[in-house]
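First up is the structure itself, then whatever we jot down about it.
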Amino acid sequence: MRFRLLGAMEIFAAGRRIPMGSRKERLVLAVLLLEANRWVPIDRLVELAWAEEAPESARRTVQSLISRLRARLRTIDQALNIEREGPCYRLTVDRASVDVHRFRDLLASARDADDSTAAALYSEALSLWRGDGLTHEVAAEHLREELAELRLRAIEDQMDTELRLGRHRSAIGRLSALASAYPYRQRITGQLMLALHREGRSDEALECYRRMKNRLREEVGLDPAEELIRLELAILRADPSLVAQPPSLDRAGVASLPPMQLPADIVGFSGREEHVKHLDALLPDDGAPPVATVVAIAGTAGIGKTTLAVHWAHRVRDRFPDGLLYVNLRGYGLANTVEAADALRGFLHALHVPSQQIPADPDRAAAQFRSVLAHRRVLILLDNARDAEQVRPLLPGGGRCLVVVTSRRQMSSLVATEGARLLRLALFTTDEAYELLARRIDRERLRADPAAVEALITACGRLPLALAIAAARGAVQHEFPLRAIVDQLKAGLAAFDCGDAATCLRTVFSWSYGALSEPAARLFRMLSLCPGAHFTAAVAASLTGARLQDVQAQLAELADMHLIDEYRPGRFTVHDLLRTYATELAEAVDAPVDRRAAARRALEHYLHSAHDAAQLLSPHRDPIVLPPVLPGVRLEPFADHDEALSWFTAQHDALLAAVHLAIELALDEHVWQLAWSLADYLDRQGHWKDQLSCQRLAIEAAERSDHPLGQAAAFRNLARAHLRLTEYDDAHHHYSAALDVYAAEHDVVGQAHTYGNLSAVHVLQQDHHAALHCALQSLRLFERAGHRAGMARALNATGWYQVLLGDYGLAIDSCTRALDLHLEIDDRHGEANTYNSLGLAHRYLGDYAEATACYQRSVHLYRCLGDRYNEADTLAQLSENLLVSGDRGGADRLWRDALRILEDLDHPDAAKLRGRRPLSDGSQ
């Protein structure tokens, strides 16, 4: 079976040509053959098969075409099959049977061979081209151009080989034709100039140069490349180095070949497609000025830096005819670090510089290295670099070289001074993690237990090395169920060990940890005690008790080493497996009393910061009294409401974890105080399930610490969550429990608040008279206590219930008095509630314009305050107001906005609202 794509597309089997199907079938088959043995997303098939914009039916068409192709191929050879995996397809064939891949493999062999063998291999490879048929079969222009460019580079490499072999006379005719066909291809012009000069036709060679120079200046405004300029000068001077020389021989009589020092490519490489594309874009361009390019691949231990660099280097090695240099600088590991001078000596030897000619002085050796590379195209891979200082002497000064540096550090200095491009590697996506496992563990085994696969990926934290180790376990323990392997991995870092240092996760992590300063190392250990996955500099400073500016320097050191990730300015996270490693270290190094003190300071940070933020969210809420801040605790600075809300949102998980940390530390007062501080944020953002669990813990903690008022506050916050979830009986029960506690403690303000809460339950249970009675009771108690904020809220509640009972005039009077008080004390949340009540009163009075104005003001305030539920509720009321006033289109838009918020909150009211969609006019 042979597939021919380098020309008109053809299939041959048993010596005869097989008829092809429709053009679209040929297009899809061509793409699958070009990506032979690799999974191809259906979107890529669509992109490559349609030159014009693909129709909406393109995906269905491709699926149909593949079905037909699958049947057609099986009639030719039963072993041929197009597999499907989710949205991807793969055609498995022998690479040698596809001329494109045979062409690529021959080129790779030619570049590793001596010149005589290479010449024959180039000829064989280029003979596979039978025309440009493929360029008409496949729609994507970049793919056509890539293949055309690959062929042209192969011709140029072939011509270089012929010239090195002294075959300049026979090459002139072909080079002349190529120069005419590709008038801007400076490499071909240079080859023709050299061949003519060697044949004694130097005037013609110089004329070729002048034509190229004039053409470039007049038509594209560029000068010739440096290599071409130097070649012209060498011809003018009759430089003896231009005379054809026989291949140099080493001491063993073997022709000197370009160095090919890369380690073996990675079998089953997967993922990193975007990073590979980024690296591809950095390849030196023939038409660009000769300049060395440096790219630094940085990331944490086990993220796959070397894997990516080596795989990509193999992928593009044909672009570097003068060789590939590699050194493991051992910046991190058990072995001694490789000094730059030693690496230079090894590189110069590989480039065939005699030992006696290599200077002992490192600076002179670096200068010689730059001179040797000045006119060459070499790929240099500097793996596992310690820092920029180790790398700098190994950088070329010019030519068309490309340097890839891998390091656990961010290499900011290389970026700043050498203009290096930084490529930071993140964790695998879930899809990339799955693909890595699938390439190393039988896919059928993965499909059989998708839940176990998900748990396996989670246990590995999507870290490539951890996934590779897990896959190795899965391959070795092939008779074990995947769930058993997951259980092994959950036992700790000991499970991530394949028997040597390079594949032991704990050892690999230790190389990074061992490079830290002592303060940064201590901070790394203490971070294992931090509740939640995310933290700020103030949390880190609280853990260690150090000055904030000192801790910021330590965080920068940890981030530079990629032991933590600064995912947003001033906000950090630690990978789960690194956190496990930090926990092991802390338990081994730090005394229990020191670990408890650090955890206590972190808890104090969250408690006091959350209390301060809560006061900004609800400035008129009755505060609680906290104990003084412990020495060494650093708090978050909040300028206003928005900063407080942003911090709550960012630290949501950490704050909930802090509640559990307080329980672990047996600090019960901290539990209910922290729950109190979280209550308004959780309520306004719709995190009612979190509110339920948090306040239940607070009730138990307040009871253990014998703090009845703390328990009553937690009862009220728990009841509020039940109320939001329409669990009215539970809400009534917990509000009643709170009322009993406040009465027993003779807390008038607490009773007033709770009567107001109970009024809200009654109205939702459709008992408006009971609701009004509780609101009036609340108002009397607030007036008795002189509590102006409470009076304002009670007046608003009274007005709302008067609306529901039809007393619209009284309602507007009550709400107006409430609004005056809210404005006087600057209670924006109370103001929003009251405008909502006024909107309803005016609507029932038929004053729709005034109702709309009130509702709009209420929506604006709720939105600014981050109260999503009440924003949605008011939008729904405004929608109804617009509907009765005749604005059906506006009503429908606001209804959609309200429903979107409620669905996002997963609130039961969403179902009710769906049934109240405004009737839409014909324009909707």
Side-chain angles (χ1 to χ4, degrees), residues 298-300 303 408-410 412 422 424-427 429 461-463 512 516 519-520 522-583 598-599 601-614 616-617 632-661 674 677-678 681-682 685 687 690 866:
T300 192
I303 203 72
R408 299 186 182 195
R409 293 192 183 276
Q410 296 188 34
S412 303
L422 180 60
R424 291 187 61 190
L425 298 191
L427 299 170
T429 64
R462 294 183 285 115
L463 185 71
S512 295
L516 297 173
R522 178 171 180 263
L523 174 58
F524 177 67
R525 298 194 303 271
M526 293 299 100
L527 287 174
S528 67
L529 303 168
C530 183
H534 307 277
F535 61 93
T536 64
V539 181
S542 299
L543 280 165
T544 61
R547 295 188 311 164
L548 188 60
Q549 55 267 42
D550 293 337
V551 167
Q552 286 171 332
Q554 295 158 21
L555 289 170
E557 184 178 346
L558 292 174
D560 183 50
M561 195 64 72
H562 288 96
L563 287 170
I564 63 174
D565 178 34
E566 188 173 10
Y567 65 97
R568 284 181 57 186
R571 292 179 181 168
F572 306 86
T573 187
V574 184
H575 185 269
D576 288 345
L577 292 173
L578 279 167
R579 187 186 180 100
T580 300
Y581 177 61
T583 301
R601 287 192 299 269
L603 180 60
E604 291 273 334
H605 161 87
Y606 283 111
L607 172 60
H608 286 272
S609 295
H611 182 267
D612 291 348
L616 285 169
L617 252 59
V633 174
R634 315 296 174 205
L635 303 185
E636 300 290 348
F638 304 115
D640 53 28
H641 169 280
D642 291 345
E643 282 192 11
L645 179 58
S646 176
W647 179 79
F648 268 127
T649 303
Q651 299 300 318
H652 178 109
D653 292 338
L655 287 162
L656 294 178
V659 174
H660 290 276
L661 176 61
L674 192 51
S677 301
L678 285 169
Y681 159 73
L682 293 174
Q685 291 291 296
H687 300 299
D690 289 339

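Atoms considered below: every heavy atom in the structure, side chains included; atoms not considered: hydrogens, waters and symmetry mates. This structure is a prediction, so every number in the text was calculated from the model and none was measured.
A perpendicular orientation is assigned to the rings of His652 and Tyr681, their planes being inclined by more than 60° (bins at 30° and 60°).
By the 4.5 Å heavy-atom criterion applied to side chains, His641 and Leu617 are counted as neighbours. Annotation: side chain of Leu427 is in contact with side chain of Leu463 (closest heavy-atom distance under 4.5 Å). A heavy-atom distance below 4.5 Å is found between the side chains of Phe648 and Leu678. Phe535 places a side-chain heavy atom less than 4.5 Å from the side chain of Leu555. In this structure, the side chains of Leu543 and Cys530 come closer than 4.5 Å at one or more pairs of heavy atoms. Looking at heavy atoms from C-beta onward, Phe638 lies out of side-chain contact with Ser646 at the 4.5 angstrom threshold.
Once rounded to the nearest 0.5 Å, the distance linking CZ of Arg547 with CD of Gln549 reads 4.0 Å. Going from atom CG of Leu674 over to atom CD of Glu604 covers 10.5 Å, rounded to the nearest 0.5 Å. Annotation: the span from Phe524 atom CZ to Leu516 atom CG amounts to 7.5 Å, rounded to 0.5 Å. Distance check: Asp640 CG to Glu643 CD gives 5.0 Å after rounding to the nearest 0.5 Å. In this structure, His575 NE2 and Leu563 CG are separated by 12.0 Å, a value rounded to the nearest 0.5 Å.
Residue pairs meeting the salt bridge (Lys or Arg N to Asp or Glu O under 4.0 Å) criterion with at least one member in residues 561-575, sequence neighbours excluded: Arg424-Asp565.
Looking at His611, its side chain never comes within 3.5 Å of a backbone N or O of Ser677 through a donor-acceptor pair. In terms of modelled atom types and a separation under 3.5 Å, the side chain of His608 and the main chain of Leu635 share no donor-acceptor contact. Although no hydrogens or angles enter the test, the distance criterion places a donor-acceptor pair under 3.5 Å between the side chain of Gln410 and the main chain of Ala559. Formation of a donor-acceptor pair under 3.5 Å by the Thr649 side chain with backbone atoms of Leu645 is found in this model.
Nearest heavy atoms, Gly545 versus Arg601: N-NE, 3.8 Å. Between Ala298 and His562 the shortest heavy-atom distance is CB-CE1, 3.6 Å. Across all their heavy atoms, Ala533 and Thr573 have their closest contact at O-OG1, 2.8 Å. Considering all non-hydrogen atoms of both residues, Ser528 and Arg579 come closest at O-NH2, 3.5 Å. Contact detail for Val551 and Ala546: the closest heavy-atom pair is CG2-CB, 3.7 Å. Residues Pro531 and Ala654 come closest through the heavy atom pair O-CB, 3.4 Å.
Residue Thr544 is tested with Arg522, Arg634, Arg525 for a side chain to side chain contact (heavy atoms under 4.5 Å, CB included); the sole match is Arg522.
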Subject >> Leu655 and Trp647: CA distance, side-chain angles, deciding distance, side chain to side chain contact (heavy atoms under 4.5 Å, CB included) verdict >> reply: CA-CA 10 Å; Leu655 287 162; Trp647 179 79; 3.7 Å; yes
**OP:** Quick one: do Leu527 and Leu558 satisfy side chain to side chain contact (heavy atoms under 4.5 Å, CB included)? Show the steps, please.
**Re:** CA-CA 11 Å; Leu527 287 174; Leu558 292 174; 4.1 Å; yes
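With sequence neighbours excluded, the residues that form a side chain to side chain donor-acceptor pair (under 3.5 Å) with Glu557 are Ser517. Under the side chain to side chain donor-acceptor pair (under 3.5 Å) criterion, Thr536 pairs with Glu636, sequence neighbours left out.
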